[in-house]
Structures are given as structure tokens and as C-alpha cells.
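Reviewing the structure listed below.
What you are looking at is a predicted structure, and each value in this text was computed from that prediction instead of being measured.
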Amino acid sequence: MALLSTVTQAQSQPSDPVAKAISQGDVFQSKRKYELALDSYRKADKLAHHSSAAVYIKLAAVEIKMGDFPSALDDSKKAVKAAGDNKALVVEAHLLRSTLLTQMSGKPSDKKLREAEDELRQAMALDPAQPITHYNLGMVLLKQERDADGLAEMNTFVAAPAADPATVAEARRIIASPIRAREPFAPDFNFTTLEKENISNASLRGKVILLDFWGTWCPPCRESVPILRSLNKKYSGKQFQLVGVSSDEDEDVWRTYIEAQHMNWSEYLDLSGDVQLAFKIESFPTYIVLDKDGVVRYRQSGLGDSTQGDIEDAINKALKRNSDPALLAAASVPASAPAGSTGDGSASAATRNSDRSAANPQQPQPAPGFLYRNDDLGFSFEFPQGWIAAKSESLAAVNERNEAAAKAALLQQHPEAASGNMRFSGSKIIFYASRKGEGDGQHMSVPSMRITAAPSRLDTLNANRFRDMTERMAAASDMKIIAPALEFLVKDHQFLRVDFERGAGRSRMYQSQIQTLAGDSLLTIDIFATSTDELQKIASTMQTMTIKDDDR
């Protein structure tokens, strides 16, 4: 199930005590201090005289993270009543209630699923054009084994122009195999461990997996290490694998701790946070047991007296369970699966992108994301899901400052130019996006991506010239080239790429510089990441790029 959005912002001015209390709660929630967040939101609720739908939705969101579904259900109901004529808030509250009811449901005949369906139909009546309502309704109907109705809603969602691309990809998989709506399959993941082992859904299939989401900074996580060591030893030689996913930010501390504690199982440092985000990890430690078909059979957050016994029980049951051919087939449905028969026999855009990548093996598969389109230069591509793109006004301000600085520098060297009409046709930042929404293309956060465009009369790129240029750039900036310049094609369009490592230790950063031609401009795409795995994942978005002068 997916929600319409994170809770809407308070309608009050920043100086309003209600807004202040909400803002404080948001800070605590971002730091996973949920009890303190609840206290702040409850204060806001009291100050608002129990009349703010936005506050009730905030409360429900935190209660969900704390596992208090009954309270969340109650507060989301209050949100519907408090929202009054605010249609957007009413829709959001209905979607929240439907999600809760679905998560609390059991078998297909569970009345909670009928209640969830009713909430969604009320939301749809208020805002028929909202795509995510069709997706959630499709999920609820499929869970009730009403496949024909559920698939119709899923197809409606997939066809919606404003539908989130990542959710569309999952909807296509559900359409191809409706059982995915009825079983809690693990999300897609793919990473390389400390031991240089590739870990993914496909590589682990056929084994029972215990995923340990932890951090060296987390006291319960450190306390659990002897338990994990014992479990790893107990199930050695069986169809079992323990995989640790760390939330640490300091690679040296992480490596040192693993070595000192003799944690001789698969370990991965999730610097980007992508794996934690995929599994919706909100607290640490969190333990997840996957069966041989990649279905989640157990999940627990925190460490208690019964934790080891509960995990062992889940592992034992999963080991005894034979692989189910139907589940295995559903787990194997690719993210690029077509959305079913369209009547014209054509493959989906995602399938076509996958086919192109297969013909270009040195490049990663494309990653689903949000669409950026530049009609002036005639190109578009999908940047990573969840990232925030800088507004055009912000980029324009940066470009104006850069141009003013360039003019000032020119006048300092050539005062006589002041009497003329100076025009600059240098590079301009046309796109910038980051995971946290920070930066403006000149000042950047990590991970992020920036595209600059410069006028060019070139018909083709010179790989040798690009190689020389990037080598000089690396030497001048004290950067290390970790992947030499290479040429690759996307839909027969030429791209050049080189990868760098900057800094060392905790300040280490990785960068890709990619160039291609679009219209009458040279595009330079700079990608900044915290690890080489993250760099590859972000760079894979280049495989989704479409440039108008392609003959297709």
C-alpha cells in the first residue's frame, strides 16, 4: 500500500505555537525519537483544541512507526472528521486508514479489507484523478481474491500520466502475477558486501535469509552480536545465510568493529540508505527472515528476552517449508514486466529500456525514478525515485551569479570591454537533484546529480580528448581516477564517462563525469555519491535517457 504523501504542512504561520510544536515533532521524528515526537504532536493537538487534521495525521504516522496500529487508526479517523471541507486532508486521512486496515488484515474474508475498500472508495469519490487511490484499491481487491476488479484498478493506475514510476513498476509485476499482492515479498535489492559478495533477491533464492539491520552506534545492536554469532554457527551448513546491513556513516569504524567482534558473515555498509528505505527500516536493530522464495516470514524491531528464540522459530519453520513454484514464479517476475496485454502486442517502455541495457553489458540496468524533460534541448531521463529536483528559479539565480562573476573577472583583465555589449555563452546548470533536497547545483549535497549545458558545434565526441581532459582535471583537483574513460551507447547515442575518488576516510566521496550531445549543446552530467555501488546505481539512470535527434 502507498500513501498520497507525507502529512501536509500546518496551515499556521511559523510563529504560531501550533506550528512550532509540529515543527519540533518533525525534528524528533526525523531523528527517530518517536516518543518525543508524539509528545510534541500531542502538545500541538492540545493547542489546536483537537481540531487539526494535519496534527492527527502526524500522530498516526508516528504511531504506525511505533507499531501502535489501534491508536493510529483512531487518530486517522479523527483526522477525517477534523478535516471538514479540506478535500486534500480528507483524502489523505482516508488513504492512511485504508493502509492501516489492510496491514491489520489477515485472510481474504477479513472484514478489515472491506473497511479498507470503503475508505478508498470514499477517497476516490472526492478525488477521482488521484492515481495512488487506484493502486491501493487494486491491492485491497486482489487481497480479497477479486482478481478481475483488482487488475482493472491496477491497469487504471499504470495508465495514469502522473503515476509514480517506481510504483508503476511494482504494479506491472503485480499485474503479471497477482499473488504478489497477497504475499509480503521482499523488495528488490542488490549490493556488494564487505567480502565482495553480490547479494540480491536472485542470488539468495533457495536459501532462508536472516537480515540484520544494525549500527555500531546502537547499544541493542552491539548487545545482539553474540546472538547472531550463535545463530550463524547453529545453521552453518544448512540452506541459510545471515546478512548484516549497517546504518553506520563511518566506514573505518564499521570495518574495525566487524573485525574486532569476529562477525564472519555477510556484511554491507548501506551508506546511501537505499536498502533501509526499501525495507522501511525505522528502528534498530530490525530482524527480517525471508523464506526460500523471498517472502518475508518474520519481522521484529528491538531486542528482548525472547528475540533469539523467536528468530530461531522463524528460521526453523522457513527451513522446513518447501519452495512453492507459484511463489517462486511470482518472485522472479522482473520489475520491467509488461502490464499485461494492451491489444497491440507492444512491450512496455521499461521492457524496452531493459532490452537496450542488455545489449550494452558494461552499463548497469536502468533505475526507476522521476521524469525530467528538457524540450529546448530535446532530451529526457528518469532520475532516482524519491530525489528532489531544484526549482528552475534557484538554478537561474546560480547561473546569473556565475555569469556576473565571469563578467567581473573579464573586466578586471580587460577594462576596455566595459564599453562594449558583453555576451556570455558559457555553460549553464540546467538540472540539479539530490536525495535530501539540499544544494543548488553550485553547492551540492551527497548523493546528488548535476547537468550543465554548453553551446557546441560538435557532431560527435572525441574519446581521446575527453580522456586527456579528465586526467588533467584529476591531477589539478587531487582526485584519483578509479574507472578510466570509456565510451558507451544508449539507443545508439554516444556517451563518455570517467569515475573519480575524492578525499579519504570519512570524507571520501565518489564522482562520475559523463558527457553527451543534445541538440546544439554539450551536456556534462556530474554524479556525486558516498560509495561506488551508489555511484553505479545513480549512473544507471543514463540508460533511460532519450534524446530527440535519435532516429527512433
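To the nearest 0.5 angstrom, Thr192 atom OG1 is 9.0 Å from Ile199 atom CD1. To the nearest 0.5 Å, atom CG of residue Leu210 and atom OG of residue Ser266 are 11.5 Å apart. Within the model, atoms CG of Leu228 and CE of Met263 stand 6.5 Å from one another, a figure rounded to the nearest 0.5 Å. The distance from atom NZ of Lys33 to atom CD of Glu35, rounded to the nearest 0.5 Å, is 13.0 Å. Annotation: the span from Asp274 atom CG to Leu271 atom CG amounts to 10.5 Å, rounded to 0.5 Å. Annotation: the span from Leu101 atom CG to Asp118 atom CG amounts to 9.5 Å, rounded to 0.5 Å.
Between Leu120 and His94, the closest side-chain pair of non-hydrogen atoms is not below 4.5 Å. Inter-residue side-chain proximity for Phe279 and Pro187 is flagged as met; some heavy-atom pair is nearer than 4.5 Å. Side-chain contact between Lys317 and Arg321 is absent, with no heavy-atom pair separated by less than 4.5 Å. Considering only heavy atoms from C-beta on, Leu290 comes within 4.5 Å of Val296 through its side chain. In this structure, the side chains of Ile132 and Asp164 stay at 4.5 Å or more apart for every pair of heavy atoms. Using a 4.5 Å cut-off on side-chain heavy atoms (C-beta onward), Asp310 and Gln300 make contact. Using a 4.5 Å heavy-atom threshold, the side chains of Phe157 and Leu137 count as separate. No side-chain heavy atom of Tyr510 sits under 4.5 Å from any side-chain heavy atom of Asp499.
Side-chain N or O atoms of Thr256 include one that pairs as donor or acceptor with a backbone N or O of Asp252 at under 3.5 Å. Counting only distance, with no hydrogens or angles, the side chain of Glu63 and the backbone of Ala72 share a donor-acceptor pair below 3.5 Å. Remark: the backbone N or O of Thr216 is paired with a side-chain donor or acceptor of Arg222 at under 3.5 angstrom. Although no hydrogens or angles enter the test, the distance criterion places no donor-acceptor pair under 3.5 Å between the side chain of Ser434 and the main chain of Ser445. With hydrogens and angles disregarded, a donor-acceptor distance shorter than 3.5 Å links the side chain of Arg229 to the backbone of Gln261. In this structure a side-chain-to-backbone donor-acceptor pair under 3.5 Å is present from Ser40 to Leu36. Of the possible donor and acceptor atoms, one in the side chain of Asp291 sits under 3.5 Å from a partner among the backbone N and O of Asp293. Put simply, the side chain of Asp270 gets close to the backbone of Gln276: a donor and an acceptor are under 3.5 Å apart. Of the possible donor and acceptor atoms, none in the side chain of Ser224 sits under 3.5 Å from a partner among the backbone N and O of Ile227. With hydrogens and angles disregarded, a donor-acceptor distance shorter than 3.5 Å links the side chain of Thr156 to the backbone of Ala152.
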Next on the checklist: Under the criterion side-chain contact (heavy atoms from CB on, under 4.5 Å), I'd like the reasoning laid out for Val225 against Tyr257: C-alpha separation, chi angles, the key distance, then a yes or no.
Outcome noted: CA-CA 11 Å; Val225 170; Tyr257 186 85; 3.8 Å; yes
Next on the checklist: Working note: Glu267 + Trp265, criterion side chain to side chain donor-acceptor pair (under 3.5 Å); need CA distance, chi angles, decisive distance, verdict.
Outcome noted: CA-CA 6 Å; Glu267 283 287 353; Trp265 51 84; 2.9 Å; yes
Checklist entry - Which is it for Ile175 and Asn155 under the side-chain contact (heavy atoms from CB on, under 4.5 Å) test, yes or no, and what are the steps along the way? => result CA-CA 8 Å; Ile175 292 168; Asn155 278 304; 3.5 Å; yes
Item to check | Worked check of side-chain contact (heavy atoms from CB on, under 4.5 Å) between Leu303 and Tyr287 | outcome: CA-CA 9 Å; Leu303 181 67; Tyr287 307 103; 4.0 Å; yes
Checklist entry - Are Met542 and Met449 close enough, and set up right, to give a side-chain contact (heavy atoms from CB on, under 4.5 Å), and what steps lead you there? => result CA-CA 11 Å; Met542 293 299 99; Met449 171 190 290; 4.2 Å; yes
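Asn198 CG: more than 12 foreign heavy atoms inside a 6.0 Å radius. No more than 12 heavy atoms of other residues, nucleotides or ligands sit less than 6.0 Å from atom CD of Glu259.
Tested against Gln144, the residues Arg182, Arg114, Lys107 include a single side-chain hydrogen bond (donor to acceptor under 3.5 Å, both in side chains) partner, Arg114.
Minimum interatomic distance between Asn201 and Asp188 (heavy atoms only, all atoms of both residues): OD1-CA, 3.3 Å. Scanning all heavy atoms of the two residues, the minimum distance from Glu312 to Tyr235 falls at O-OH, 3.5 Å. Closest heavy-atom contact between Lys292 and Arg205: O-CG, 3.5 Å. When all heavy atoms of Arg180 and Ile174 are compared, the pair lying nearest together is CB-CG1, 4.0 Å. Taking each heavy atom of Gly215 and Ser247 in turn, the nearest pair found is CA-OG, 3.8 Å. Between Gly25 and Ala37 the shortest heavy-atom distance is O-CB, 3.6 Å.
A salt bridge is absent between Glu115 and Arg97; no separation between the charged side-chain nitrogens and carboxylate oxygens falls under 4.0 Å. Taking the charged nitrogens against the carboxylate oxygens, Arg297 and Glu183 do have a contact shorter than 4.0 Å, which makes a salt bridge. Remark: Lys58 engages Asp26 in a salt bridge, criterion side-chain N to carboxylate O under 4.0 Å. Ion pairing between Asp533 and Lys537 fails under the 4.0 Å rule for side-chain N and carboxylate O.
Ring geometry for Phe191 versus Tyr268: interplanar angle under 30°, hence parallel rather than tilted (30 to 60°).
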